[in-house]
Amino acid sequence: MREASLSDADVIASVEALVGASNWTASAVQETLAEPTTFGWVHPAPAHLLARTAADEGEILTVAVHPMAQRKGIGRALVTGCLAHWRSVGVVRGFLEVKTTNTAAYGLYQRMGFQCVGTRPRY
């Protein structure tokens, strides 16, 4: 894994499209990565994670793993790296949103200690 850069936007957007997240266009990825509170990692699978921090809180914006590389621990490695980064910068509470129908991701987050604190209707 390595830190994500603006030049990764096209690959990130293509993986997002493969997993059904059409709102993450290359330009949206670039705009997000350009924000000073945003960071991310990319994995050669290809896979990636984008997150941001604000004061002592963190938010995972997206995690996506190419369909051919799923269920191999890559998503877990990306989230683990994010949590370690958060600890190093003083984040004490982290958030993310996941569709309850995404059972693989939902299960991963539960196994990693995330707890459901609310639901969004029609998310």
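In this chain, residues are counted from 1 in sequence order.
Residues Leu108 and Arg111 form a side-chain contact, since some pair of their non-hydrogen atoms from C-beta on lies under 4.5 Å apart. Taking 4.5 Å as the limit, some side-chain heavy atom of Arg52 sits within range of a side-chain heavy atom of Glu35. Contact check for Phe114 versus Leu96: side-chain heavy atoms found under the 4.5 Å cut-off. Put simply, the side chain of Glu16 does not reach to within 4.5 Å of the side chain of Thr25, judged on heavy atoms. Glu31 is not listed as a side-chain neighbour of Leu6, based on a closest heavy-atom distance of 4.5 Å or more. With contacts defined as side-chain heavy-atom distances shorter than 4.5 Å, the pair Cys116/Tyr106 qualifies.
Minimum interatomic distance between Asp8 and Glu3 (heavy atoms only, all atoms of both residues): OD2-O, 4.2 Å. Taking every heavy atom of both residues into account, Ala9 and Gln30 meet most closely at CB-CG, 3.3 Å. Closest non-hydrogen pair, Ala47 versus Leu78, comes out as CB-CD1, 3.9 Å. Annotation for Glu57 and Val91: closest pair C-CG1, 3.8 Å, computed over non-hydrogen atoms. In terms of heavy atoms, Asp10 sits closest to Ala26 at OD1-CB, 3.2 Å. Summarising the geometry of Ala45 relative to His66, their closest heavy-atom pair is O-CB, 4.3 Å, with the distance given to 0.1 Å.
The aromatic rings of His85 and Phe39 lie tilted to each other, with the angle between the two planes from 30° to 60°.
Judged by distance alone, with hydrogens and angles left aside, the side-chain atoms of Asn102 form no donor-acceptor pair with the main-chain N or O of Lys99 at under 3.5 Å. A distance-only check finds no donor-acceptor pair linking the side chain of Thr38 to the backbone of Leu33 [under 3.5 Å]. Proximity of a side-chain donor or acceptor of Gln70 to a complementary backbone N or O of Val65 within less than 3.5 Å is detected.
Residues Ile74 and Val15 fall into different hydrophobic clusters, defined by Ile, Leu, Val, Met, Phe, Trp and Tyr side chains chained together at heavy-atom separations under 4.5 Å. Transitive grouping of hydrophobic side chains (ILVMFWY, heavy atoms separated by less than 4.5 Å) brings Leu83 and Met1 into a common cluster. Taken together through direct or relayed side-chain contacts under 4.5 Å among Ile, Leu, Val, Met, Phe, Trp and Tyr, Leu18 and Trp24 form parts of separate hydrophobic clusters. A continuous path of Ile, Leu, Val, Met, Phe, Trp and Tyr side chains, each step under 4.5 Å between heavy atoms, connects Trp86 with Leu49, placing both in one hydrophobic cluster. No single ILVMFWY cluster, assembled from side-chain heavy atoms under 4.5 Å apart, contains both Val63 and Leu61.
Cluster partners of Val19, using a side-chain heavy-atom cutoff of under 4.5 Å among ILVMFWY residues and allowing indirect links: none.
Remark: Thr62 OG1 to Glu59 CD distance equals 11.0 Å, nearest 0.5 Å. Separating the OG atom in Ser7 from the CD1 atom in Ile12 is a distance of 9.0 Å, to the nearest 0.5 Å.
The number of heavy atoms from other shown groups lying within 6.0 Å of CZ (Arg2) is above 12.
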